[in-house]
Amino acid sequence: MEKTAATAIAHPNIAFIKYWGNRDPELRLPANGSLSMNLGGLLTRTRVWFDPTLAQDEIWLNSQPLEGAARERVVRFLDLVRGLAGRTLAAHVESENNFPAGAGLASSAAAFAALALASTAALGLRLDEAALSRLARRGSGSAARSVPAGFVEWQPGRGDADSYAFSIAPPEHWPLVDCVAIVESAHKAIGSSQGHLLAATSPLQAARVADAPRRLRIARQAIWRRDFEALAEIAEQDSMMLHAVMLTSQPPLIYWRGVSVELMHAVASWRREGIAAFYTLDAGPNVHVICLPEHAESIQRRLRDFPGVREVIVAQVGGPARLVEGQG
Ligand code: DP6
């Protein structure tokens with residue numbers, strides 16, 4: 001087989017209804033459905049080729065060779081792709097993020113969505129969107145949601161076959177803006193993959209999971225109706241429920257810093273002033289402030305002036321994972 005290459009890009013995403021805990025960690029079958037928006041403007045670009053002259057996979061991230069557990073995770077994912085294609089060739093992978101490394105923005109979603117698309121295309125496989133989302137899910141759960149465009153829901157499914165994400169509205173449906181207040185750039189002590197394993201140790205996780213269909217229904221309808229206040233209320237409640245589970249896990253996961261809490265208070269008071277903005281936090285201290293485009297300038301200014309905020313990264317609603325070159 002001659003050397004074939006493919007390049008794909010994918011955006012990270014921010015969840016309004018969060019994924020936390022797996023029914024099956026190996027298959028990454030989530031405890032509950034989740035809903036997110038892709039972050040346009042931020043992207044991972046990944047080029048892959050399978051090369052008969054390589055003895056083992058070569059994986060580069062932001063011009064550095066990947067090593068240790070991070071490399072193993074990608075190799076295991078490539079093994080899945082090789083299995084699908086019935087091939088055994090080693091791969092060369094080069095991946096770059098256009099958002100600052102170490103800004104604490106989760107990059108595994110964009111990384112595995114781009115890798116799923118580039119690696120299957122490089123082997124001549126043409127997966128439909130659901131199959132690609134299922135495959136990306138095996139690398140990182142939230143990567144399932146970076147495959148489709150715009151506003152995306154990941155249905156938990158009964159098993160591997162129906163646990164995938166689909167678009168519930170295209171990017172142009174509602175021009176929301178995410179202003180991410182970066183409060184800390186250090187790598188998190190406990191990453192999401194370990195965090196998911198602790199979810200079930202919190203007595204609050206069962207209640208969070210049982211209530212997820214209600215939150216999903218409200219968030220979905222708020223997006224369809226472009227009802228900002230309804231989305232704000234349910235997304236903030238969902239973020240608080242995620243952190244309630246984290247804080248009550250054994251051992252507890254305390255991702256917030258003091259400034260994260262100050263920012264939550266501030267955003268809530270800005271909304272009372274009439275500024276359409278709400279907060280949501282993932283497995284880290286950075287605060288995502290989602291707002292309407294007419295308030296984006298004012299939110300950015302307020303966040304940049306906020307004591308303890310190091311940087312503000314701005315994203316609009318993003319498109320799907322896509323190939324940027326054919327094979328060659
Ligand atoms: C808090 O998808 O990063 O951001 O499947 O282990 O890669 P892995 O976990 P990951 O978990 C995301 C957790 C979250 C919430 C969310 O994005 O839904």
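Counting from 1, the numbers follow the sequence of the chain as shown. Please read these numbers as outputs of a predicted model, since none were measured by experiment. Atoms within each ligand, like the ligands themselves, are counted from 1 in listed order.
In terms of N/O distances under 3.5 Å, ligand 1 is not approached by Lys18. Considering backbone and side-chain N/O of Gly141, one or more are found under 3.5 Å from N/O of ligand 1.
Of the candidates Ser34, Ser146, Ser142, the one placing a heavy atom closest to atom 2 (O) of ligand 1 is Ser142.
Ligand 1 places these atoms under 4.0 Å from at least one heavy atom of Ser140: 2 (O), 3 (O), 5 (O), 7 (O), 8 (P), 10 (P). Within ligand 1, the atoms closer than 4.0 Å to a non-hydrogen atom of Ala15 are 16 (C), 17 (O), 18 (O), numbered from 1 in the order shown. Those atoms of ligand 1 that come under 4.0 Å of a heavy atom in Ala283, given as number and element, are 1 (C).
Using a 4.0 angstrom heavy-atom cutoff, Arg145 counts as in contact with ligand 1. Heavy atoms of Ala109 come nearer than 4.0 angstrom to ligand 1 in no pair at all. In this structure, Arg73 is part of the shell of residues with a heavy atom less than 4.0 angstrom from ligand 1.
In the model, Ser163 has a side-chain atom that pairs as donor or acceptor with a side-chain atom of Trp154 under 3.5 Å.
Note that Arg302 lies in the cation-pi zone of Trp270, set by a 6.0 Å cut-off to the ring centre and a 45° limit from the axis.
Of the residues Ile182, Val259, Leu263, the one that meets the side chain to side chain contact (heavy atoms under 4.5 Å, CB included) test with Val287 is Leu263.
Within a 6.0 Å sphere centred on CD of Glu273, heavy atoms belonging to other residues, nucleotides or ligands number more than 12.
By the criterion of a heavy-atom distance under 4.0 Å, both the backbone and the side chain of Ser193 are placed next to ligand 1.
Side-chain heavy atoms closer than 4.5 Å link hydrophobic residues (I, L, V, M, F, W, Y) into clusters, and following such links, even through other members, never connects Met240 to Met246.
Side chain of Thr4 to backbone of Ala122: a donor-acceptor contact under 3.5 angstrom is found.
Summarising the geometry of Ala219 relative to Ile17, their closest heavy-atom pair is CB-CG1, 3.8 Å, with the distance given to 0.1 Å.
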